[in-house]
Amino acid sequence: MALAAAEFQTDDTLADDILADNTLLDAYSTTVADAVDRIGPAVCRIERVGGQGGHGSGFVIAPDGLVVTNFHVVGDARTVRVSMPDGASREGRVLGRDPDTDIALVRADGSFADVAPLGDSKRLRRGQIAIAIGNPLGFEWTVTSGVVSALGRSMRASTGRLIDDVIQTDAALNPGNSGGPLVSSAGEVIGVNTAMIHGAQGIAFAVASNTANFVISEIIRFGRVRRAFIGVSADTANLPRRAALLSQVSSKTAVRLRSVEKDGPAAKAGLKEGDIIAAIDGRPVTGVDDLVRLLDAERIGRETLCTVVRRTGVSQVTVTPVARAS
């Protein structure tokens, strides 16, 4: 009798575990489906008009027809065809492109009820749900999901320059996904899908939404991206509490220099690989997106004070950025 009771309790526990697993799976499915319902209607197919053909994905960020996609999707085309999930097809004019971040901005004709808001990529954590929506291999409006595998990666753009502040994800991407949104469980765009590694499974990349936001604002204001150049690549790193106190910044993160270009402004100023930049002109640098944003055109040719954390302590290093060549 005692054995039978124990067996009953074991079966009961197993049933509870299965029920709990099913509940978690249902919650995950609902989260993904809700995010897709929110963002999916704003995702479009982008096709070049005239010249060398090509297609990819994009997404509407404003009711007046502003569409974000990849530079390599539009190429040198002046106009593109923007097709929406409801069957509507509009002509779009390429407003500007930034090969260095693989971002392009298009103005599509007409007005749009569904938009995909850009979220704050700085709030991302590894392991967070990541959902990719796009048009891979001609299969329109396909959804895949995974997690944020890593943050603050760098990858080479078609120009050969490094794109900083890149999100690594295992959400499956294929040709045609390029330019589509990477979406959080909250239904916000956290990145612009840009590349996958051929021959590798589960490794794909997206330009972080904060970097995309900076590029978009520059294109809207100036028709191109103006940026200062100091010749470094970097990633986001934790800032030790003592270093934060010595640097007189309140942030918990900063940027660590992964490489410093020989004879570049940073190298000439004495910055080295492994240095941590905690602030620029007294403004905290909490991540790579801050570094990109703060090194704008206003700092070209102007002495810029970097608060640098090293093993030997905190020091102030003056760097004079130069204009980044087109």
Side-chain angles (χ1 to χ4, degrees), residues 20-44 57-64 66-70 84-86 101 103 105 112-136 141-153 164-173 177-196 202-217 236 238 251-253 286-290 292-293:
D21 288 344
N22 288 339
T23 300
L24 287 173
L25 285 172
D26 286 344
Y28 175 83
S29 298
T30 299
T31 297
V32 172
D34 287 348
V36 172
D37 285 345
R38 182 176 181 187
I39 299 298
V43 179
C44 53
S57 304
F59 55 97
V60 181
I61 61 169
D64 60 354
L66 282 179
V67 177
V68 176
T69 185
N70 281 155
M84 304 304 298
D86 61 5
T101 55
I103 296 292
L105 188 64
F112 296 79
D114 297 300
V115 298
L118 287 167
D120 182 2
S121 56
K122 189 175 292 180
R123 297 168 57 189
L124 289 176
R125 295 184 297 165
R126 286 177 296 175
Q128 191 171 329
I129 294 174
I131 305 156
I133 309 174
N135 304 281
W141 293 284
T142 296
V143 176
T144 60
S145 66
V147 297
V148 173
S149 304
L151 298 166
R153 295 292 198 207
D164 291 319
D165 199 23
V166 172
I167 301 167
Q168 181 183 325
T169 175
D170 66 353
L173 299 183
N177 270 117
S178 296
L182 188 68
V183 183
S184 71
S185 57
E188 293 182 327
V189 177
I190 54 176
V192 183
N193 296 320
T194 190
M196 65 280 178
I203 301 178
F205 300 98
V207 178
S209 58
N210 286 10
T211 295
N213 211 356
F214 166 75
V215 170
I216 292 164
S217 63
T236 303
N238 291 327
S251 57
K252 297 180 180 179
T253 56
T286 62
V288 178
D289 60 325
D290 283 343
V292 172
R293 179 176 53 81

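The two atoms that bring Pro117 and Gly187 nearest to each other are CG-O, 4.4 Å, heavy atoms only. Between Ala132 and Asn193, the shortest heavy-atom distance links the atoms CB-ND2, 3.7 Å. What you find for Thr69 and Ser178 is that their closest heavy atoms are OG1-O, 4.4 Å. Summarising the geometry of Ala42 relative to Ala116, their closest heavy-atom pair is CB-N, 3.7 Å, with the distance given to 0.1 Å. Of all non-hydrogen atoms in Ser251 and Thr253, the two that sit nearest each other are OG-O, 3.2 Å. Across Ser121 and Ala208, no two heavy atoms sit closer than the pair OG-CB, 3.5 Å.
Contact annotation: the side chain of Val183 never approaches that of Arg38 to less than 4.5 Å [non-hydrogen atoms, C-beta and beyond]. Counting heavy atoms from C-beta outward, Thr169 and Val148 have side chains that stay 4.5 Å or more apart.
With rounding to the nearest 0.5 Å, the separation of CG in Leu124 from CD in Glu188 is 9.5 Å. Lys122 contributes atom NZ, which lies 8.0 Å from atom OG1 of Thr236 (distance to the nearest 0.5 angstrom). Note: Ile39 CD1 to Asp34 CG = 12.0 Å, rounded to the nearest 0.5 Å. Summarising the geometry, atom CG belonging to Asp86 is positioned 9.0 Å from atom CZ belonging to Phe112; distances are rounded to the nearest 0.5 Å. Here the SG-CH2 distance, from Cys44 to Trp141, works out to 8.0 Å after rounding to the nearest 0.5 Å. Rounded to the nearest 0.5 Å, atoms CG (Leu151) and CG (Asp165) are 8.5 Å apart.
With sequence neighbours excluded, the residues forming a side-chain contact (heavy atoms from CB on, under 4.5 Å) with Ala172 are Thr144, listed by chain and number. Legend: residues meeting salt bridge (Lys or Arg N to Asp or Glu O under 4.0 Å) with Arg153, ordered by chain and number and at least two apart, are absent.
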request  = List the steps, then state whether side-chain contact (heavy atoms from CB on, under 4.5 Å) holds for Ile216 with Leu118.
outcome  = CA-CA 11 Å; Ile216 292 164; Leu118 287 167; 3.8 Å; yes

message = Test side-chain contact (heavy atoms from CB on, under 4.5 Å) on Asn177 and Asn135; report intermediate values, then the result.
response = CA-CA 5 Å; Asn177 270 117; Asn135 304 281; over 6 Å; no

Worked check of side-chain contact (heavy atoms from CB on, under 4.5 Å) between Val143 and Ile131 = CA-CA 7 Å; Val143 176; Ile131 305 156; 3.8 Å; yes

ask   = How far apart are the C-alpha atoms of Phe59 and Val192, what are their side-chain angles, what is the distance that settles it, and do they pass the side-chain contact (heavy atoms from CB on, under 4.5 Å) test?
value = CA-CA 9 Å; Phe59 55 97; Val192 183; 3.9 Å; yes

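For Asp289 (side chain) and Thr211 (main-chain N/O), no donor-acceptor pair under 3.5 Å exists by modelled atom type.
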